[in-house]
Number of protein chains: 2
Amino acid sequence: MNGTMNEKPFAQTAETVRNLESLRIETPPVTLREMALDRLRDAIIAGLFNPGQRLVERTLCDQLGVSRSVIREVLRHLETEGLVETAPKQGPIVALIDWRQARQIYDVRIALETTAVADCARNADSRTKEKLKEILQDLDRNSRKNDALTILAATTDFYETIFLSGGHEIAWDIVKRLNSRISRLRVMTLSTTNRTVSGPARMREIFNAIERNDPDAAAAACRAHIEEAARIAQSLLVPVDQPKL
Amino acid sequence: MNGTMNEKPFAQTAETVRNLESLRIETPPVTLREMALDRLRDAIIAGLFNPGQRLVERTLCDQLGVSRSVIREVLRHLETEGLVETAPKQGPIVALIDWRQARQIYDVRIALETTAVADCARNADSRTKEKLKEILQDLDRNSRKNDALTILAATTDFYETIFLSGGHEIAWDIVKRLNSRISRLRVMTLSTTNRTVSGPARMREIFNAIERNDPDAAAAACRAHIEEAARIAQSLLVPVDQPKL
DNA sequence: CGTGATATTATGGTATACCATCATATGGAA
DNA sequence: TTCCATATGATGGTATACCATAATATCACG
């Protein structure tokens, strides 16, 4: 359990131990719960369920082929993530989001992403810059397709690289979780033709600022990137009388 | 469920509806799960369990007097909150925190709290300012006692008022959750005599900046407040060889 | 025809049962 | 005495059973 294991008859150098570590069969005790969690989360993010739709436990059992114990633990997890709400006297439903919440999420993203981007501009090494460059190049090549999901994936890669290069795993976790809550908005936002053009353009602005180690410019471009998305999201959410989405 | 209910024979004014709303009996279907969740979370935050300590499900069942179903759902919730980790081949343990994670948490707090504080300085109404003033006055009165928990509660009140006055519930949720993960650090940090003096002083700086509607100064004071706490936390975490806490 | 009471169903909350695995203990053989 | 093998217990993963409640349907009565 700890380092006080009885010594083997031959000397184990640190090198040896490291090699043995790499030999270790990554025991993936993939539990049903983990699989069900990923499945259900992906389904909600992909929009397979509509916001506000009830998630009846026994129905999910049939659909996922697992027992209620598993489903309930998964639902608790997704509830804590904010993807599922539990309506009183009704049970779990897919979380609803209104413009008020969405605006808050964009605000938190601005706070965290501008920080990460500026930090990256200050400290990024050449490997990081190279990786960002590649992501943008791939995006340019594929942007002809106007495929919202492709752009979304590239955008995620882009920001993940930025966050993780600076060792900001916790902030990235938070951003990821927030993004999952506005996944519909993100897809709809990207489907706007404006956006499929300007999004990558904004990201290139950010990259350029990072490449020339200009934290302030990078942060400004990042803020603009998110504010632009927020404006489109608002136009999608607010006009309707009942801002249900 | 929505606004399309069949009309009653007599006109229901908005006024009437509002009165009826206030009549509604707040049905608090306090489930065992919710109670167990609060109990266990408080216990972990209060340090009743040590970091890394195993949380054996059946033992918790006895201690809380509920079944494993309840305990397991609670553990899933706390796991998602980051208060509990699940060690492979071992089960749930109280989450460990090292300086690397703590530093990240302080960074996120800086990003979110400076934003909230600046926003508050821009927009705070007189009621908010009055409330903040009262919190600080209470704190001054009670600070003689040097009671870390009292200061902690007041600090929480202070920031909660700031976040919620600007309608930043989501950011506040995030900060609360992060703070619970460094609860031990916060208590230890406050126990430092330096801190019990300078903490309130920093908060007064923030308040003064808010009162005179100076967002930049408020943000700067807030950043200083957190950086100071982070420095103390670092001195507590880093020196030890195995940064276990 | 409707109105109210009762039966039925759906559904979430809770408890329990069963199983596989891993750690530990126990005991026997060399 | 040492070491290996089997037994035993602890523990998490999973499934199922049971219950209370709320919504719905059914039916009898006026």
Side-chain angles (χ1 to χ4, degrees), chain A residues 1-10 24-40 44 49 52-80 83-95, chain B residues 1-2 4-9 24-40 44 49 52-80 83-95:
Chain A
M1 200 62 65
N2 45 31
T4 65
M5 51 179 60
N6 39 12
E7 293 299 314
K8 292 293 167 57
F10 57 91
R24 170 179 234 92
I25 292 177
E26 272 312 326
T27 165
V30 185
T31 62
L32 285 182
R33 168 162 44 91
E34 292 177 77
M35 294 192 294
L37 173 62
D38 290 338
R39 291 281 189 95
L40 190 52
I44 292 176
F49 300 93
Q53 179 175 342
R54 289 187 58 177
L55 297 170
V56 178
E57 297 179 355
R58 284 173 174 83
T59 307
L60 292 175
C61 290
D62 294 343
Q63 292 172 332
L64 294 185
V66 296
S67 74
R68 275 185 71 207
S69 320
V70 173
I71 291 294
R72 284 181 61 89
E73 290 179 30
V74 166
L75 288 174
R76 288 297 83 77
H77 189 114
L78 293 176
E79 186 180 2
T80 312
L83 247 48
V84 166
E85 299 172 357
T86 301
K89 303 289 184 189
Q90 185 181 4
I93 62 175
V94 178
Chain B
M1 198 63 66
N2 46 31
T4 66
M5 50 177 61
N6 38 13
E7 293 300 313
K8 293 294 169 56
R24 170 178 235 90
I25 292 176
E26 274 310 327
T27 164
V30 184
T31 62
L32 283 184
R33 169 163 43 89
E34 293 177 76
M35 293 192 294
L37 173 62
D38 289 339
R39 292 280 189 96
L40 189 52
I44 292 176
F49 300 93
Q53 178 174 344
R54 289 187 61 176
L55 297 171
V56 178
E57 298 179 356
R58 285 172 174 84
T59 306
L60 292 175
C61 291
D62 293 341
Q63 292 172 332
L64 294 185
V66 295
S67 75
R68 276 185 70 205
S69 320
V70 174
I71 291 294
R72 284 181 62 90
E73 289 179 31
V74 166
L75 287 174
R76 289 296 84 76
H77 189 113
L78 293 176
E79 187 179 2
T80 312
L83 247 48
V84 166
E85 299 173 357
T86 301
K89 303 290 184 188
Q90 185 181 1
I93 62 175
V94 178

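Because only heavy atoms are used, hydrogens play no part in the values below, and waters and symmetry mates are left out as well, while side chains stay in. Given the structure is predicted, the values throughout are model-derived calculations rather than measurements. Letters A, B, ... mirror the listed sequences (proteins, then strands); counts begin at 1.
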Looking only at dA15(D), dG13(D), dC22(C), the nucleotide nearest the E57(B) side chain is dG13(D)
Open item on the list: One thing to verify: whether E79(A) and R76(A) come together as a salt bridge, which I'm taking to mean a side-chain N less than 4.0 angstrom from a carboxylate O.
Closed with: yes
Donor/acceptor link under 3.5 angstrom from R58(B) side chain onto base of dG12(D) = yes
When rounded to whole Å, the CZ to P distance for the pair R76(A) and dG13(C) reads 6 Å
Taken to the nearest whole Å, CG/D62(B) to P/dA15(C) is 12 Å
Comparing nearest nucleotides in DNA chain C, the 5'-proximal residue of the pair T59(A), V66(B) is T59(A)
Do L83(B) and L40(B) make a side-chain contact, defined as non-hydrogen atoms from C-beta onward lying under 4.5 Å apart?
no
When rounded to whole Å, the CZ to P distance for the pair R68(B) and dA15(D) reads 13 Å
Taken to the nearest whole Å, CZ/R54(B) to P/dG12(D) is 6 Å
L75(B) atom CG is separated from dT11(D) atom P, nearest whole Å, by 14 Å
What nucleic acid atoms does R33(B) come within less than 4.0 Å of, heavy atoms only: base, sugar-phosphate, or nothing?
-> sugar-phosphate
To the nearest angstrom, the CD1-C1' distance between I93(B) and dG12(D) comes to 14 Å
From the candidates dA22(D), dG13(C), dT21(C), the one with an atom nearest any side-chain atom of K89(A) is dA22(D)
In whole angstroms, the gap separating C1' of dT11(D) from CG of L60(B) amounts to 12 Å
Rounded to whole Å, the CG-C1' distance (L32(A) to dC19(C)) equals 13 Å
message = Counting neighbours of CZ on R39(A) that are heavy atoms of other residues, nucleotides or ligands and sit closer than 6.0 Å, is the number greater than 12?
response = no
message: Treating R54(A) as the side-chain partner and Q90(A) as the backbone partner, does any N or O pair qualify as donor plus acceptor under 3.5 Å?
response: yes
